[in-house]
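Written below as structure tokens is the structure these notes are about.
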Amino acid sequence: MENYQIDNLDKQILHALMDNARTAYAELAKRFAVSAGTIHVRIEKMKQAGIITGTQVSVNAKQLGYDVCCFIGINLNNARDYPQTLLHLKELEEVVEAYYTTGNYSIFIKVMTRSIDHLQDVLINKIQAIEAIQSTETLISLQNPISRSVMP
């Protein structure tokens with residue numbers, strides 16, 4: 001199912017589910033003038049093709065007390081340190097995203113903390129304490145004016 005090509009109905013279904021993942025198949029069927037069985041089959045095919053990878057609850061980080069969002073570029077002592085460093089970073093709950101990149105940094109991470117003091121603690125006592133990390137550069141996000149998923 002790797003080469004499954006989505007059509008307009010699939011796109012409509014994806015848009016509707018991205019807007020509200022809890023929308024009932026019957027409601028989608030009515031909206032798009034097809035049977036609920038067709039909706040079910042289309043969604044299953046997109047799951048098998050890896051287009052739909054799951055559903056999730058979206059939470060507001062600020063409402064949970066995470067007021068500081070930042071991005072940290074990490075330089076490693078050696079490229080071979082990447083797998084072990086990634087394991088260490090996965091253990092840190094403040095690290096919410098990580099990317100293996102080209103350019104100035106080996107790894108680029110997104111970190112959420114409750115305060116600047118919390119960020120300082122995470123940086124000094126958790127991230128920079130990882131032996132394989134040579135240096136870091138921290139960019140604090142002032143706002144997030146665009147946040148969206150890729151549209152089918």
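In this text the structure is predicted, and so the values were computed from the model without any measurement.
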Within 6.0 Å of CD in E97, more than 12 heavy atoms from elsewhere
yes
Please determine whether the number of non-hydrogen atoms from other residues, nucleotides or ligands lying under 6.0 Å from atom CD of E44 exceeds 12.
yes
Heavy-atom closest contact ([X] atom, [Y] atom, distance):
X: M18; Y: P152; answer: SD-CD, 3.9 Å
X: S35; Y: A29; answer: C-CB, 3.5 Å
X: L9; Y: F32; answer: CD1-CB, 3.8 Å
X: I124; Y: Q128; answer: CA-OE1, 3.9 Å
X: T23; Y: A16; answer: OG1-O, 4.1 Å
X: M46; Y: I6; answer: SD-CG2, 4.2 Å

Find the distance between [atom1] ([X]) and [atom2] ([Y]) and round it off to the nearest 0.5 Å.
X: R22; Y: N20; atom1: CZ; atom2: CG; answer: 7.5 Å
X: D121; Y: H118; atom1: CG; atom2: NE2; answer: 6.5 Å
X: N8; Y: H15; atom1: CG; atom2: NE2; answer: 9.5 Å

Linking I/L/V/M/F/W/Y whenever any side-chain heavy atoms sit under 4.5 Å apart, do M151 and L14 land together?
no
So if you build clusters from Ile, Leu, Val, Met, Phe, Trp, Tyr with side-chain heavy-atom gaps below 4.5 Å, do L142 and I146 land together?
no
ILVMFWY clustering at 4.5 Å (side-chain atoms), partners of V122:
V68, I72, I74, L76, Y82, L86, L89, L92, V95, Y100, I107, I109, V111, I116, L119, L123, I127, I130, I133, I140
Would R42 and D7 pass as an ion pair if we require N to O under 4.0 Å?
yes
Under 4.0 Å between a Lys/Arg side-chain N and an Asp/Glu carboxylate O for K30 and E27?
no
E94 pairs by side chain to side chain contact (heavy atoms under 4.5 Å, CB included) with which of K110, R114, K126?
K126
Is there a side-chain contact (heavy atoms from CB on, under 4.5 Å) between L17 and T55 once you walk through the steps?
CA-CA 9 Å; L17 292 176; T55 57; over 6 Å; no
Main-chain N/O of G50 paired with T53 side-chain donor or acceptor, under 3.5 Å
no
Verify side-chain contact (heavy atoms from CB on, under 4.5 Å) between T136 and Y105, making sure each step is shown before the conclusion.
CA-CA 9 Å; T136 62; Y105 309 109; over 6 Å; no
For the residue pair F108 and F71, does the interplanar ring angle fall in the parallel (under 30°), tilted (30 to 60°) or perpendicular (over 60°) class?
parallel
Side-chain donor-acceptor contact under 3.5 Å, N77 with D81
no
